[in-house]
Amino acid sequence: MSWRVLGFESSCDETGVALVEVPAAGPPRLLAQALHSQIELHQDYGGVVPELASRDHIRRALPLARSVLQEAALALRDLDAIAYTQGPGLAGALLVGAGVAVTLAAALDKPSIAVHHLEGHLLSPFLSSDPPDFPFVCLLVSGGHTQLMRVDGVGRYELLGETIDDAAGEAFDKSAKLLGLPYPGGPHLAKLAEKGRKDAFPLPRPLLHSGNLDFSFAGLKTAVLTQSRKLEASEGSRADLAASTQAAIVEVLLKKSMAALKMTGLQRLVVAGGVGANRSLREQLQRACDRRGVRLHFPELALCTDNGAMIALAAAMRWQAGLACASKATSFEVRPRWPLGEI
Ligand code: KG4
Ligand code: ZN
């Protein structure tokens, strides 16, 4: 038996559709995927406009699904189930993906599977060329979440620590905005930081020595605001502030991840979520893990940020593990706020 699942991701500003197959033995396979990013649509507003996001998901979902099936040379009848992101995320945007997936599944008389967006991120490294084994520590760093988790198996997640205010991605995005960079700021700030000195500005490392695995990034944003007011308008000093900001965020993520490994005694670290695409974070984590003999796993860059593959994968892995409710449903609900601990 194998589990071949078409997944829809529509929790925020990316419409992702993908087809994943989990065989009874052997690693999961990504058969095809398609993604439409709404960055251009929201750029003039400096952030995501929920109503515009929902309307664009409506336009994209089915054409993307068609192109995925075409790429995989498969037909709708070849699918075993259809998955969608149930939450957390923007309510209207989630409703589009859920509506499309459940309707399509009902029309085909196949089951639909609701997926937690963060579980998608958490399991996404299983689609990489170097998939991890359980158990591992997961550093989950996205635009809305920053968490350290102990992962013992599919559905067996223990929260070790999380942010008490802003997420790491938010810290990148808000700091980037203060530096006059376009939305979404994270990748732009990272690019500008390449030209700057990371020790140019003294910025706080919140909760670095708190003795627990929680994070706080709200104070960093305030410090960046204070420093940005002092900036001369030169590109050079903006790059210095970008580099200093990135260094502060990366140092906290790095040290807390190492503390989580020490606390759990585990020898494997998985990094997931959009901030996991940050090169400086990847390089520094790799060095620190090499020094400690810890195995480090990343999803491929394109699978760090939101995508349909992680949703199809999480559904298929949960189904295989007997955890997913793969029901022939004709109704659905979305969960815009949904702590991972509740799945
Ligand atoms: O996981 P994701 O695509 O969406 C959420 O679930 O939130 O993460 C998006 C976040 C944004 O804050 C974005 O700025 C950040 O990931 N990000 C980056 C980089 N690429 C994406 N942050 C720093 N450096 C990057 N290269
Ligand atoms: Zn995400």
Side-chain angles (χ1 to χ4, degrees), residues 12-14 37-40 42-49 121 139-148 161-210 213-257 271-285 301 304-306:
C12 190
D13 57 350
E14 255 122 16
S37 164
Q38 302 177 354
I39 286 182
E40 266 179 38
H42 302 292
Q43 202 135 47
D44 289 349
Y45 304 92
V48 179
V49 184
H121 278 304
L139 171 68
L140 207 163
V141 271
S142 71
H145 293 84
T146 298
Q147 301 184 328
L148 275 163
E162 65 182 333
T163 182
I164 58 170
D165 43 52
D166 288 353
E170 243 175 316
F172 267 106
D173 293 344
K174 289 178 177 173
S175 305
K177 208 168 183 175
L178 292 170
L179 285 164
L181 296 168
Y183 150 87
H188 292 283
L189 189 145
K191 188 148 196 297
L192 183 59
E194 284 172 18
K195 293 182 258 163
R197 286 183 304 126
K198 63 181 185 183
D199 54 357
F201 290 91
L203 292 174
R205 269 70 171 154
L207 297 192
L208 189 59
H209 304 292
S210 62
L213 298 175
D214 286 338
F215 304 85
S216 163
F217 290 108
L220 177 64
K221 170 191 64 196
T222 313
V224 172
L225 174 65
T226 310
Q227 298 294 350
S228 69
R229 287 193 174 131
K230 293 188 212 154
L231 279 186
E232 323 133 40
S234 79
E235 181 75 6
S237 56
R238 278 174 71 240
D240 284 346
L241 185 50
S244 303
T245 305
Q246 175 171 269
I249 298 171
V250 168
E251 185 182 345
V252 177
L253 295 176
L254 174 80
K255 297 237 164 104
K256 295 271 174 173
S257 301
V271 182
V275 180
N278 185 269
R279 213 171 70 194
S280 172
L281 177 68
R282 291 171 92 101
E283 286 170 2
Q284 292 194 48
L285 280 174
L301 274 181
C304 279
T305 45
D306 291 349

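Predicted model only: the values in this text are computed from it and were never measured.
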A.B. asks: In the structure I gave you, are the side-chain heavy atoms of Asp306 and His121 within less than 4.5 Å of one another anywhere?
C.D. replies: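 Asp306 vs His121: side chains touch.
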A.B. asks: Between Val275 and Phe172, what is the shortest heavy-atom contact and its length?
C.D. replies: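 Residues Val275 and Phe172, closest heavy atoms: CG1-CE1, 3.7 Å.
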A.B. asks: As an exercise, state the distance from CD1 of Ile249 to CZ of Phe217, rounded to the nearest 0.5 Å.
C.D. replies: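 Reported to 0.5 Å precision, the distance equals 6.5 Å.
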A.B. asks: Is there side-chain contact between Arg279 and Glu194, with at least one heavy-atom pair below 4.5 Å?
C.D. replies: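 In contact.
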A.B. asks: Lys256 and Ser210: side-chain donor and acceptor closer than 3.5 Å?
C.D. replies: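 Yes, Ser210 and Lys256 have a side-chain donor paired with an acceptor closer than 3.5 Å.
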A.B. asks: Minimum heavy-atom separation for Pro187 to Pro184, with atom names?
C.D. replies: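 In terms of heavy atoms, the two residues are closest at CD-O, 3.4 Å.
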A.B. asks: Run the side-chain donor-acceptor check on residues 219-227: report pairs under 3.5 Å with partners two or more places apart or on a different chain.
C.D. replies:
residue, atom, partner, partner atom, Å
Lys221, NZ, Asp166, OD2, 3.3
Thr222, OG1, Ala218, O, 3.3
Thr226, OG1, Thr222, O, 2.9

A.B. asks: Go through the structure and list residues passing side-chain contact (heavy atoms from CB on, under 4.5 Å) with His188, not counting sequence neighbours.
C.D. replies: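 Scan of His188 (side-chain contact (heavy atoms from CB on, under 4.5 Å), adjacent residues dropped) gives Leu181, Pro182.
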A.B. asks: Looking at CG of Asn278 and CD of Gln246, how far apart are the two atoms once the value is rounded to the nearest 0.5 Å?
C.D. replies: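 Output value for this atom pair is 4.5 Å.
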A.B. asks: Looking at CD of Gln43 and CD of Gln38, how far apart are the two atoms once the value is rounded to the nearest 0.5 Å?
C.D. replies: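 CD of Gln38 is found 12.5 Å from CD of Gln43.
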A.B. asks: Which residue, Leu253, Leu207, Ile164, forms the side chain to side chain contact (heavy atoms under 4.5 Å, CB included) with Phe215?
C.D. replies: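 Result for side chain to side chain contact (heavy atoms under 4.5 Å, CB included) with Phe215: Leu253.
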A.B. asks: Return the set of residues passing side chain to side chain donor-acceptor pair (under 3.5 Å) with Arg205 (not counting sequence neighbours), or none when no residue passes.
C.D. replies: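 Testing Arg205 for side chain to side chain donor-acceptor pair (under 3.5 Å), a comparison that skips the adjacent residues, returns Glu251.
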A.B. asks: May I ask you to test the Tyr183-Val48 pair for a side-chain heavy-atom distance under 4.5 Å?
C.D. replies: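 SC-SC contact between Tyr183 and Val48 confirmed.
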A.B. asks: When rounded to the nearest 0.5 angstrom, what is the spacing between CG in Asp240 and OG1 in Thr245?
C.D. replies: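 Answer rounded to 0.5 Å: 10.5 Å.
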A.B. asks: Would you give the length of the straight line joining atom OG of Ser257 to atom CG of Leu281, rounded to the nearest 0.5 angstrom?
C.D. replies: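 The OG atom of Ser257 sits 7.5 Å away from the CG atom of Leu281.
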A.B. asks: To the nearest 0.5 Å, tell me how far Glu283 CD sits from Leu285 CG.
C.D. replies: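 Going from the CD atom of Glu283 to the CG atom of Leu285 covers 10.5 Å.
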A.B. asks: What heavy-atom pair brings Ser280 and Val250 nearest, and what distance separates the two atoms?
C.D. replies: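 Here Ser280 and Val250 meet closest at OG-CG2, 4.1 Å.
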A.B. asks: Does any non-hydrogen side-chain atom of Lys177 lie less than 4.5 Å from one of Ser228?
C.D. replies: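 No - every pair of side-chain heavy atoms lies 4.5 Å or more apart.
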A.B. asks: May I have the step-by-step check of side-chain contact (heavy atoms from CB on, under 4.5 Å) for Arg238 and Leu192, ending in yes or no?
C.D. replies: CA-CA 8 Å; Arg238 278 174 71 240; Leu192 183 59; 4.3 Å; yes
A.B. asks: Taking all non-hydrogen atoms of both residues, which atom of Ala168 and which atom of Thr146 are closest, and how far apart?
C.D. replies: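 Smallest heavy-atom distance, with atoms named: N-OG1, 2.7 Å.
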